[in-house]
Amino acid sequence: VPGQWALRSWPQGGGLAFPDWAYKAESSPGSRQIQLWHFILELLQKEEFRHVIAWQQGEYGEFVIKDPDEVARLWGRRKSKPQMNYDKLSRALRYYYNKRILHKTKGKRFTYKFNFSKLIFVNYPMWDVRYPSPPLLMGCSVD
DNA sequence: GACGGAAGCC
DNA sequence: GGCTTCCGTC
């Protein structure tokens, strides 16, 4: 819901914070099935998966897949695709490049970065870009 | 590993 | 449309 900027922060993440919509399944109105980018945020949210996938401290929105096989296994389990692997999962992540949801951090292995300002546009097309960005989205990569 | 075309699935 | 599967190329 635009206007509701309930935020969640990471004490150990150097002040990382995200708008609440980023955690809600209903933030993808178009499709009923779970979206990969949403699943990734879901894992990043939980401390129990920090050995598998984690935010890269310093760079806002950047994350590292520490255990690609495990992330693929979890994603495959969620989508009932037992044959899922990192090769296939990473192809799905690469489709996000053109959609400007994600981009690759070049040179850093298994490292990607969210374009949060794009995600808000994807989820809320009515959002007027002429209005000033919410405070905690400022400083995100916009390109 | 990372990229992106191509075909297929639902 | 959003992946999944497969694969040639760098």
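Below, chain A is the first sequence line, B the second, and so on; all start at residue 1. For the numbers below, each heavy atom of this structure counts, side chains included, while hydrogens, waters and symmetry mates do not. From a predicted model like this one, the values you see are computed outputs, not experimental measurements.
Atom NZ in A/K88 sits roughly 15 Å away from atom P in B/dG1 (whole-Å rounding). Rounded to a whole Å, the CD1 atom of A/I40 is 13 Å from the C1' atom of C/dC3. When rounded to the nearest whole Å, the span between CG of A/D87 and P of B/dC3 equals 12 Å. Between the P atom of C/dG2 and the NZ atom of A/K81 lies a distance of 17 Å, rounded to the nearest Å. Rounded to a whole Å, the CD atom of A/Q33 is 17 Å from the P atom of C/dG1. Put simply, CG on A/L36 is 10 Å from C1' on C/dG2, counting in whole angstrom units. As a whole-Å value, the separation of A/L93 CG from B/dG1 C1' is 13 Å. Separating the NE2 atom of A/H103 from the P atom of B/dC3 is a distance of 12 Å, rounded to the nearest angstrom.
In terms of polar N and O atoms assigned as donor or acceptor, the side chain of A/R91 never comes within less than 3.5 Å of the base of C/dG2 in a complementary pairing. At a cut-off of 3.5 angstrom, the base of B/dG4 holds at least one donor-acceptor pair with the side chain of A/R94. Side-chain to base pairing of A/Y95 with B/dA2: no donor and acceptor N or O lie closer than 3.5 Å to each other.
Mapping A/R109 and A/N98 onto DNA chain B by nearest heavy atom places A/R109 closer to the 5' end of the strand. Comparing A/K99 and A/P82 by the nucleotide of DNA chain C whose heavy atom lies nearest to each, the residue mapping closer to the 5' end is A/K99.
No contact: A/L89 has no heavy atom under 4.0 Å from any strand. When heavy atoms are screened at a 4.0 angstrom cut-off, A/F39 is found touching no nucleic acid atom at all. At a threshold of 4.0 angstrom between heavy atoms, the contacts of A/Y86 are confined to the sugar-phosphate backbone, with no base atom among them. Here A/K79 lies in heavy-atom contact (under 4.0 Å) with sugar-phosphate atoms only.
Taking 4.5 Å as the limit, every side-chain heavy atom of A/K81 sits out of range of all side-chain heavy atoms of A/K88. At a threshold of 4.5 Å between non-hydrogen side-chain atoms, the residues A/K79 and A/Q33 count as touching.
One hydrophobic cluster, built from ILVMFWY side chains closer than 4.5 Å, holds both A/Y112 and A/I34.
Side-chain nitrogen and oxygen atoms of A/Y96 include at least one within less than 4.0 Å of the OP1 or OP2 phosphate oxygen of C/dC3. Between C/dT4 and A/Q83, no contact under 4.0 Å exists linking OP1 or OP2 to a side-chain N or O.
Nearest heavy-atom pair across A/R100 and A/N115 is O-CB, 3.2 Å.
Here the nucleotide nearest the side chain of A/W75, chosen from C/dT5, B/dC3, C/dT4, is C/dT4.
In this pair, A/F63 and A/F114 present their aromatic rings tilted. The plane angle is within the 30 to 60° band.
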